[in-house]
Each structure stands twice: as C-alpha cells, then as structure tokens.
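First the structure, in the form of structure tokens, and then the observations on it.
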Amino acid sequence: MLAVLLLPGALRAFLPALIARSALAMGGLALLLAVQDSSGSYTQAGFATATFGIANVIAAPWRARAVDRLGQRIALTVMASGQASGFIVLALIAEAEGVAVVWFLVLSAVVGLTAPPLGAAMRMIWASLTTAGDQRTKAFSIDAVCEELLFVGGPVVITAVIVATSPATGLWVTAATVSLGTAAMTSSASSGALRGTGGGVARGDRPLRQPGFARVLIVLVGVGGVLGVAEIAAPAVAEERDAVAASGWILAAFAGGSALGGFLYGQLNLTSGIGKRLFALCTGMGLAAVFVSQLHTLGLFAAGLALVGLFLAPSLITGYLIADTIVPESSRTEASTWINTSVNLGASLASAAAGIVIDNSGGWFALLLMGVIALALATAAPFARLREIEPPVVPAPDRCEHS
C-alpha cells in the first residue's frame, strides 16, 4: 500500500496536505480553550465551537464546488487565507479584555465557513495520479489512515502547545498550520494541474443529481450515527463504571481500530463490486455495534469499540471510491465532500439524540439502538446502479516501479 507514496508528485502534495489538514484536528480544541480562557465560561466556549462546526458542515458543498470550478490553487489558497485570518483575529481578541461574546461567535463562523476542503482536494490529486481500481483503493486507504492518525495526534499536540504557552498561541499555531500547509500543497505540480472547469458545472453533473448517489449518502448517515453514539457512549460507560479517566483510552481504541481497518482494507485486492462492499461494511459496523452493546465490562467494551472502528475508515474509503465512480469529473471534489458531510450529519444527529437515550437507558442501549438503525440504513445501498457503471476490476500496474 505504501508504494503509492512513491508515485511521481505524490509525496510533494501529500505531506503538506497532511500538515494543513491537521489544523482541523487542532482548531476545535484550540478555539474551545481560547474562548473559555477569555470568557471564563464553558457555555460560551461550547457555543463558539458549535458555531464553528455547524458553519463548516453547512458551507462544505459550496466550498468544494468552488474548488471544482476555480481549481485547487486559487480556491484553496483563498479559503486557507480566510480561515487563518479568522484564527489570528480570534487569538488577538482572546487576549483582550471585555470582548463581547458575539465577536467570538462571528469569528467562529468565519473559520468554519472558510475551512478549505483539503481532504477532498487531496483525494482528487490521488485520483489524478492513480489508475482506477486497486491502486486508487490503496491511495484512498493510506489517505484515510493518515487522517485518522491526525485526529488522534492533533489534539495532543495542540494541548501541549497551549499548556506550554497560552490558548491564544494555540490559535496562532493553527493559523500557521493551515496557511503554510495549504500554500505548500497547492504549489505542487499535481495540485496546480487541477485547474477546475473555469465556469459553472452543468446541473446534470451535480453529485446529488446522479442516480444512486443520494442512497449512498443515506447509508453513510448510519455510519456517522454509530460514530457519534460511540463518542458519547464511551465516556458515559466509563463514568458508569467509575472510571472516567479511561474515557480517552476507550476512544483511542475506537480510533485505532478505524486506522487499522483502513490499513487492512488497502492491503486487500478486492474483486467484489463497490456496492456490495459498502453494504457489507456498513452492515458489519451495525452488527458490531449491536454486539458491543452486550459487553458490560469496561475492557471488553473498549475492545468491542475497536472492532466497531475497524469498519469506519473502510466505509469512508468505499464512499470516496463510489463518488469517484458515480459522479462526473467536473464535480468530484464536491462529491467527495458530500461523503464527509453525510457522515458528519449522522454523527451530529446521533450525538444529540444519544445524550437523551443515555440519560434514560445508559450508553449500552444507545449503541444497540444506533446499531439497529445503521443496519436498516445499509439496505439503501444502490447495488444495481453501481453494477451498471462500475468498470471491470483489473489489476492496476504499479506506476512507481520505473520511477
């Protein structure tokens, strides 16, 4: 799987893209701690981070559409500059006295609205460097694994920075990360070659207008739902067992399982159709969630969540591959972003509902209920449509052998 990193131009774009993408893994926590430190209120800090997250999700398809139209170099540079500026102004007012909370909310919205879709953009670079099939699956897999690791390590890094300096410094570091990383990524030849359509995309080429694509998103809402419930249920179960300190380790097991799943998925030479794979993975995740809901000792529960996580990254990778197959090239950045949006929507809705269920019935029941819902949503997988358009599976040549 690592061989795809040796493709001409791959590392030159991928490494700075990872640096830039780490800003999203660090930004939420840096924002939370900076607002709390300035205002003395976790309530205000929570509102600020919620504003950041909601603005990010709402604007995601439009930002991706701009990348498809204007090309990566122009669109990503403008967005990264806007987000970095927002973080810098937040850092400045966080150190000032008597700043009204509304300014924190406005600037949180700015950094959410302008977040560059770096993950989707990097997947478009991978698509331009690889051949469809096994080679592209490996590229998307290593990309997903590294992204999982960013969200494990990013909060740790920014917390260390903030503890050693100040919350405002954490915002400065986040601003530098997104601006410098994006500049280095978009200055690569492989990113610069993706110049965009130069005009509007035909309505018929929009991702949501492609037959079967909306059904893929429905399936992935279930995946996001399991993710959202797991992130709430883990600390709740730990608290029920008087082991709150174990919450981080349980969530780390979940993230580690996802990273391992993505790595293994990239190692396999799969010949089954992507529709069948999507159904199998999402069904597996739902069944795993139901199974784990019956494990009532903390150690087994943590191991079970690692099993649930094993299906997360492969489900996302398969979603990206379907977007690459089902949507015209002129809209693929937007399509890839819709995959993330559907998962994030499922996670957000499930997180909100999980709190109510957990208060009344406990974390285990919340996971059981979401597992059943995920199983039901998995049946929406568009098998027939994907069979019609999916190219025959052939072994992909390793283009880096002669480089």
Side-chain angles (χ1 to χ4, degrees), residues 25 28-29 46 144-145 147-156 159 219-265 279-318 343-378:
L29 183 57
V145 169
E147 187 167 68
E148 288 293 326
L149 295 177
L150 284 181
F151 279 89
V152 173
V156 175
T159 300
V219 176
L220 291 172
V221 165
V223 171
V226 175
L227 167 63
V229 170
E231 291 181 337
I232 302 297
V237 168
E239 184 178 10
E240 289 178 32
R241 289 290 183 267
D242 294 321
V244 176
S247 300
W249 291 106
I250 296 174
L251 290 173
F254 181 57
S258 179
L260 177 61
F263 178 79
L264 294 176
Y265 190 71
F279 175 76
L281 289 165
C282 298
T283 299
M285 193 170 189
L287 288 173
V290 171
F291 170 70
V292 175
S293 71
Q294 306 305 306
L295 303 177
H296 292 276
T297 63
L298 205 57
L300 288 176
F301 184 77
L305 276 191
L307 174 64
V308 176
L310 203 64
F311 295 94
L312 176 59
S315 298
L316 279 166
I317 294 163
T318 305
V343 173
N344 291 336
L345 175 63
S348 299
L349 294 175
S351 295
I356 300 172
V357 175
I358 288 170
D359 283 341
N360 290 278
S361 305
W364 284 281
F365 183 74
L367 199 57
L368 170 65
L369 183 61
M370 192 61 237
V372 172
I373 293 172
L375 287 171
L377 294 178

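Between E231 and L227 the shortest side-chain heavy-atom distance falls below 4.5 Å. For the pair L298/I250, a side-chain contact is recorded, criterion being any heavy-atom separation below 4.5 Å from C-beta on. Between E147 and L316, the closest side-chain pair of non-hydrogen atoms is not below 4.5 Å. In this structure the side chain of V226 never reaches within 4.5 angstrom of the side chain of F311, judged on heavy atoms. Side-chain contact between V221 and V343 is absent, with no heavy atoms from C-beta onward closer than 4.5 Å. Proximity of L349 to L345: side-chain heavy atoms (C-beta onward) are separated by under 4.5 Å at one or more points.
Between A354 and V229, the closest heavy-atom pair is CB-CG2, 4.1 Å. For A255 against E148, the heavy-atom pair with the smallest separation is O-OE1, 4.2 Å. Nearest heavy atoms, A259 versus L149: CB-CD2, 4.3 Å. Taking both residues in full, the closest heavy atoms of V223 and C282 are given as CG2-SG, 3.4 Å, listed atom of the first, atom of the second, then distance. In terms of heavy-atom proximity, H296 sits nearest to R241 at O-NH2, 2.8 Å. The shortest non-hydrogen separation linking A230 to L305 is CB-CD2, 4.1 Å.
Under the side chain to side chain donor-acceptor pair (under 3.5 Å) criterion, T318 pairs with Y265, sequence neighbours left out. With sequence neighbours excluded, no residue satisfies ring pair (Phe, Tyr, Trp, His ring centres under 6.0 Å) with F254.
Taken to the nearest 0.5 Å, the CG atom of L287 stands 4.5 Å off from the CG atom of L375. Distance check: F263 CZ to S258 OG gives 14.0 Å after rounding to the nearest 0.5 Å. Residue F279 holds its CZ atom at 12.0 Å from CG of L377, rounded to the nearest 0.5 Å.
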Acceptor/donor pairs from residues 357-374 side chains to any protein atom, 3.5 angstrom cut, sequence neighbours excluded:
unit_1, atom_1, unit_2, atom_2, d
N360, ND2, I356, O, 2.7
W364, NE1, L295, O, 2.5

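With hydrogens and angles ignored, the 3.5 Å screen pairs no side-chain donor or acceptor of T283 with any backbone N or O of A280.
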